[in-house]
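Report on the following structure.
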Amino acid sequence: MLKKELEELFGAMPQMVKDKLQPVMDNLLERAAELDEYGSKDPDYYEEEREDIMKEVHKVKYLNDHWQIMNAKKNN
């Protein structure tokens, strides 16, 4: 569930961002897959780990947003 959401989010990012952040995105996808598989056994763990993963996802989104802003300024 979470892994699929992250795959869609990361898939929509420009290739340049993907190239730079691929190791981070791969790690987050791996953690999300493990969470999806084992998280239902412990709801408290699921919520804590999901929150930690989402903090890292927000950092990736932040970098993507800034790359797009810088790219837009460069093209104008």
Side-chain angles (χ1 to χ4, degrees):
M1 183 171 135
L2 179 59
K3 181 181 178 188
K4 182 156 180 69
E5 291 175 37
L6 295 181
E7 286 175 333
E8 290 173 8
L9 173 70
F10 295 154
M13 292 183 176
Q15 189 61 44
M16 182 179 188
V17 174
K18 290 180 195 177
D19 292 345
K20 299 290 183 187
L21 300 176
Q22 194 63 50
V24 174
M25 291 187 282
D26 289 344
N27 180 271
L28 291 172
L29 289 171
E30 183 178 322
R31 288 174 61 190
E34 290 174 5
L35 185 63
D36 287 343
E37 187 173 338
Y38 301 110
S40 61
K41 296 175 184 174
D42 185 356
D44 291 333
Y45 169 76
Y46 180 86
E47 288 303 317
E48 289 176 20
E49 182 66 8
R50 188 179 197 293
E51 186 176 315
D52 288 343
I53 290 171
M54 291 310 293
K55 284 179 185 178
E56 298 300 317
V57 169
H58 290 297
K59 292 176 187 177
V60 171
K61 288 172 54 178
Y62 175 82
L63 292 171
N64 179 54
D65 291 346
H66 277 277
W67 178 83
Q68 289 183 1
I69 290 169
M70 289 173 22
N71 195 38
K73 286 181 180 179
K74 186 169 64 172
N75 289 337
N76 285 333

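Values below: all heavy atoms of this structure, side chains included; hydrogens, waters and symmetry mates excluded. All residue numbers refer to positions in the sequence shown, counting from 1. This is a predicted model, so every value here is computed, not measured.
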| request: For residues Glu7 and Leu29, report the shortest heavy-atom separation together with the two atoms involved. | output: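 Looking at all heavy atoms of both residues, the shortest contact is CG-CD2, 3.6 Å.
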| Of the non-hydrogen atoms in Ala32 and Leu6, which two are nearest, and what is the gap between them? |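 Minimum heavy-atom contact is CB-CD1, 3.7 Å.
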| Can you tell me how far NZ of Lys3 sits from CG of Leu35, rounded to the nearest 0.5 angstrom? |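 Reported to 0.5 Å precision, the distance equals 12.5 Å.
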| message | Return the CG to CD distance between Asn64 and Gln68, rounded to the nearest 0.5 Å. | response | 4.5 Å
| How far apart are the C-alpha atoms of Met54 and Leu2, what are their side-chain angles, what is the distance that settles it, and do they pass the side-chain contact (heavy atoms from CB on, under 4.5 Å) test? | CA-CA 10 Å; Met54 291 310 293; Leu2 179 59; 4.1 Å; yes
| request: Sequence neighbours left out, what pairs pass side chain to side chain donor-acceptor pair (under 3.5 Å) with at least one residue falling in residues 49-59? | output: Arg31-Glu49, Glu56-Lys59
| Out of curiosity, does Tyr45 fall in the hydrophobic cluster containing Leu28 (side-chain heavy atoms, cut-off under 4.5 Å, transitive links)? | yes
| What pairs with Glu34 under salt bridge (charged side-chain N to carboxylate O under 4.0 Å, His left out), at least two apart in sequence or on another chain? |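 Once residues adjacent in sequence are excluded, Glu34 has no partner under the salt bridge (charged side-chain N to carboxylate O under 4.0 Å, His left out) criterion.
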Name the atoms and distances for all side-chain donor-acceptor pairs under 3.5 Å in residues 8-27, with sequence neighbours left out.
unit_1 : atom_1 : unit_2 : atom_2 : d
Gln15  : NE2    : Asp19  : OD1    : 2.7
Lys18  : NZ     : Gly11  : O      : 3.1
Gln22  : NE2    : Asp26  : OD1    : 2.7

